[in-house]
Undergrad: 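Below: one structure in structure tokens.
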Amino acid sequence: QVQLVESGGGLVQAGGSLRLSCAASTSTFTFYVMGWFRQAPGKEREFLANINRSGDMTSYADSVKGRFTISRDNAKNTVYLQMNSLKPDDTAVYYCAARFGVVPGTDPGNFGSWGQGTQVTVSS
């Protein structure tokens with residue numbers, strides 16, 4: 001497993017932007033597919049985006065496609081989530097996750113390592 005620490009959450013007005021970061025403490029960061037998820041109160045954890053090990057393939061949930069961008073810097077062991085055009089419905093705790101191996105996934109059960117989460121609140 002790998003330790004993950006998210007940062008960059010906060011309070012933003014609707015239409016605004018935030019960039020989340022997730023730092024991984026491992027010497028084998030490139031062995032992991034990375035993903036971002038979120039969980040709002042009373043709701044299940046929701047897949048947002050994933051990125052393959054080299055960073056050249058990404059996929060997104062329909063709810064965030066065109067607004068959110070996932071990227072990674074393997075030299076810094078960090079994955080990012082750029083969030084634009086934020087809406088009040090985006091309010092949630094945001095988590096990054098790591099999956100050892102090659103195949104990206106969208107099911108939270110596919111990811112073995114999780115960060116502690118960072119709160120994002122979008123005001124109307």
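The figures that follow rest on heavy atoms only: side chains count, while hydrogens, waters and symmetry mates do not.
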Undergrad: Do Arg38 and Leu81 come close enough that some side-chain heavy atom pair is under 4.5 Å?
TA: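 Sidechains of Leu81 and Arg38: no contact.
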
Undergrad: If you group Ile, Leu, Val, Met, Phe, Trp and Tyr by side-chain heavy-atom gaps below 4.5 Å, do Tyr94 and Val12 land in one group?
TA: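 Hydrophobic grouping puts Tyr94 with Val12.
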
Undergrad: Taking C-beta and beyond as the side chain, do Met34 and Phe29 meet within less than 4.5 Å on heavy atoms?
TA: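 Yes, close enough: below the 4.5 Å cut-off.
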
Undergrad: Kindly give the heavy-atom pair with the smallest separation between Ser71 and Ile51, and that separation in Å.
TA: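 Nearest heavy atoms, Ser71 then Ile51: CA-CD1, 3.6 Å.
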
Undergrad: List the atom of Thr78, the atom of Ala23, and the distance in Å for their closest heavy-atom pair.
TA: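 Looks like OG1-CA, 4.1 Å.
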
Undergrad: Taking atom CD of Gln3 as the centre, report whether more than 12 heavy atoms of other residues, nucleotides or ligands fall under 6.0 Å from it.
TA: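 Counting neighbours around CD of Gln3, 12 or fewer heavy atoms of other residues, nucleotides or ligands fall under 6.0 Å, so no.
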
Undergrad: Please determine whether residues Val79 and Val120 belong to a single hydrophobic cluster, defined as Ile, Leu, Val, Met, Phe, Trp and Tyr linked transitively by side-chain heavy-atom distances below 4.5 Å.
TA: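 Linked, Val79 and Val120 end up in one cluster.
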
Undergrad: Mind checking whether Phe37 and Phe47 have parallel, tilted or perpendicular rings, split at 30° and 60°?
TA: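 If you compare the ring of Phe37 with that of Phe47, the planes turn out perpendicular.
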
Undergrad: Think Arg72 forms a cation-pi with Tyr32, using NZ or CZ under 6.0 Å from the six-ring centre and within 45 degrees of its axis?
TA: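 No, Arg72 and Tyr32 do not form such a contact.
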
Undergrad: Counting C-beta onward and ignoring hydrogens, is there a side-chain heavy-atom pair between Phe31 and Thr26 closer than 4.5 Å?
TA: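 Sidechains of Thr26 and Phe31: no contact.
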
Undergrad: Can you confirm whether Trp36 sits close enough to Met83 that some side-chain heavy atom of one is under 4.5 Å from a side-chain heavy atom of the other?
TA: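 No - every pair of side-chain heavy atoms lies 4.5 Å or more apart.
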
Undergrad: Using side-chain heavy atoms (C-beta onward) and a distance below 4.5 Å, is Arg53 in contact with Val33?
TA: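 Arg53 reaches Val33 side chain to side chain.
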
Undergrad: Tell me whether Asp90 is salt-bridged to Lys87, with the criterion being a basic N under 4.0 Å from an acidic carboxylate O.
TA: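 So Asp90 does not pair with Lys87 through a salt bridge.
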
Undergrad: Would you name the heavy atoms of Glu6 and Gly115 that are closest together and state the gap between them?
TA: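 Heavy-atom minimum between the residues: OE2-CA, 3.2 Å.
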
Undergrad: With respect to Tyr80, which candidate in Thr69, Ile70, Asp73 satisfies the side-chain contact (heavy atoms from CB on, under 4.5 Å) definition?
TA: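 It is Asp73; the other options fail the test.
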
Undergrad: Could you check if a side-chain atom of Asn50 sits within less than 4.5 angstrom of a side-chain atom of Met57, using non-hydrogen atoms only?
TA: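 No, side chains not in contact.
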
Undergrad: Look at the side chain of Asn110 and the backbone N and O of Pro104, then say whether any donor-acceptor pair between them is shorter than 3.5 Å.
TA: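 Side chain of Asn110 to backbone of Pro104, a donor-acceptor pair under 3.5 Å: no, none is there.
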
Undergrad: Taking all atoms of both residues into account, what is the closest heavy-atom pair of Gln119 and Thr91, and its distance?
TA: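 Closest pair (atom of Gln119, atom of Thr91, distance): NE2-CG2, 4.0 Å.
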
Undergrad: Quick check: closest heavy atoms across Ser124 and Ala14, and the distance to 0.1 Å?
TA: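 Scanning both residues, the minimum pair turns out to be CA-CB, 4.4 Å.
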
Undergrad: To the closest 0.5 Å, what do you measure between CG (Leu4) and SG (Cys22)?
TA: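 SG of Cys22 is found 4.5 Å from CG of Leu4.
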
Undergrad: Is there a side-chain contact between Leu20 and Tyr95 (heavy atoms, below 4.5 Å)?
TA: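 When only atoms from C-beta onward are counted, Tyr95 and Leu20 do not touch, as no gap falls below 4.5 Å.
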
Undergrad: Please name the pair of heavy atoms, one in Phe68 and one in Leu48, separated by the smallest distance, quoted to 0.1 Å.
TA: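 So the two residues come closest at CE2-CD1, 4.5 Å.
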
